[in-house]
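Counting from 1, the numbers follow the sequence of the chain as shown.
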Amino acid sequence: MKFSSLRKTMSAILTAVIFMTCPAAVNAEGWEEVPAEEWTEESAWQEVPAYNPYFGGYRNCTWSAWQIVYETTGIALPDFGVAGGWMNSAARMGYTVSSVPAVNSIVCWSSHVGVVTAISEDGSMVYIKEGGYCGGYHEGWFPAYYSRSRQALYGYIWLW
C-alpha cells in the first residue's frame, strides 16, 4: 500500500472514530452534560476541533503550516499532500495562488511551506511562521521573492 493511501486510510479511520463519539454527551469529572433540549448540531460542531491531516508536529512543515493557519484564522485546510505539491493542489481545489504574498497566505517552496503573518512596508520581506526548519518551530523575516536555503520559491496560496 502506498504511503498516501495508508495516510488517507488512517485519516478516515481516525475521523470516523472522532465523529462517532463526539455527538454523545460525556459525563466525566469537570464536564457538564448538555441537556438534550439545548444540544444542536451547530453547537456540537463548534466543540469539535478540526483534524490536522499531517503528522510530525512542528518537526514537519506541512503539519505546522496547517496548524498555524487553523489556530490564527480558524480555517481548516484540506490535505494538500507533500509540501512541494501544495501550490498545484490548492489551485486545483479552487484557492487563489499568486506570486505576490499576502498576510495569512501560505508561502510555498520546492519542498517546504510556511505561513506569512506580516509583510514589510515596502513589500520586499515577509514574516514567516513555520515548522520543520532547523528541526522545529521557527519564525522570522525573509525575502518575499527569492529562493531560500536551496528551496525554489513557488509562490503563495491566498486563504480568502
Side-chain angles (χ1 to χ4, degrees), residues 1-22 41-42 44-120 122-160:
M1 182 180 288
K2 292 184 177 179
F3 178 73
S4 62
S5 297
L6 178 61
R7 182 173 57 181
K8 288 179 183 177
T9 301
M10 293 303 295
S11 175
I13 291 169
L14 184 57
T15 301
V17 169
I18 290 170
F19 286 114
M20 286 188 317
T21 60
C22 286
E41 187 174 335
E42 183 178 318
W45 284 108
Q46 290 172 351
E47 295 172 14
V48 177
Y51 171 70
N52 187 332
Y54 299 98
F55 300 96
Y58 280 106
R59 293 171 302 183
N60 181 345
C61 67
T62 53
W63 183 94
S64 303
W66 191 99
Q67 196 67 31
I68 292 166
V69 166
Y70 182 68
E71 289 174 3
T72 59
T73 68
I75 297 170
L77 295 171
D79 184 343
F80 288 137
V82 297
W86 276 39
M87 286 283 289
N88 288 333
S89 293
R92 280 194 311 274
M93 293 179 189
Y95 288 84
T96 299
V97 295
S98 176
S99 61
V100 179
V103 173
N104 292 326
S105 64
I106 299 168
V107 59
C108 300
W109 289 280
S110 52
S111 61
H112 187 65
V113 291
V115 179
V116 176
T117 60
I119 301 173
S120 65
D122 67 359
S124 67
M125 301 288 284
V126 290
Y127 194 85
I128 298 170
K129 292 184 178 183
E130 62 191 331
Y133 183 79
C134 297
Y137 179 84
H138 180 262
E139 58 183 85
W141 287 100
F142 298 95
Y145 298 100
Y146 296 98
S147 298
R148 177 178 146 214
S149 301
R150 294 173 287 184
Q151 294 282 326
L153 177 66
Y154 285 176
Y156 300 89
I157 302 170
W158 292 4
L159 300 178
W160 61 91

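Not less than 6.0 angstrom separates the ring centroid of Tyr154 from the ring centroid of Trp109. Here the two rings, on Tyr156 and Tyr95, have centers that are 6.0 Å apart or farther. Phe80 and Trp86 have their aromatic ring centers within a separation under 6.0 angstrom. For Tyr127 and Trp141, the gap between ring centers is short of 6.0 Å.
Two residues are said to be in side-chain contact when any heavy atoms from C-beta on lie closer than 4.5 Å; Phe55 and Trp63 fail this criterion. Between Asn104 and Val69 the shortest side-chain heavy-atom distance does not fall below 4.5 Å. Using a 4.5 Å heavy-atom threshold, the side chains of Thr117 and Thr72 count as separate. Between Ser64 and Glu130 there is no side-chain heavy-atom pair separated by less than 4.5 Å. Looking only at side-chain heavy atoms (C-beta outward), Ser105 and Ile157 stay at 4.5 Å or farther from each other. At least one side-chain heavy atom of Ile128 sits under 4.5 Å from a side-chain heavy atom of Val107.
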Can Tyr145 and Val100 be said to form a side chain to side chain contact (heavy atoms under 4.5 Å, CB included), step by step?
CA-CA 8 Å; Tyr145 298 100; Val100 179; 4.0 Å; yes

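Between the side chains of Gln151 and His112, no donor-acceptor pair is found at a separation under 3.5 Å.
Tyr146 OH to Ser124 OG: the interatomic distance, rounded to the nearest 0.5 Å, is 8.5 Å. Note that OH of Tyr54 is 9.0 Å distant from CG of Asn60, once rounded to the nearest 0.5 Å.
Residues Ser111 and Ala83 come closest through the heavy atom pair C-CB, 3.7 Å. Between Ala65 and Val115 the shortest heavy-atom distance is O-CG2, 3.7 Å.
A donor-acceptor distance shorter than 3.5 angstrom exists from the side chain of Ser110 to the backbone of Ala152, with no hydrogens or angles considered.
Taking the charged nitrogens against the carboxylate oxygens, Glu71 and Lys129 have no contact shorter than 4.0 Å, which rules out a salt bridge.
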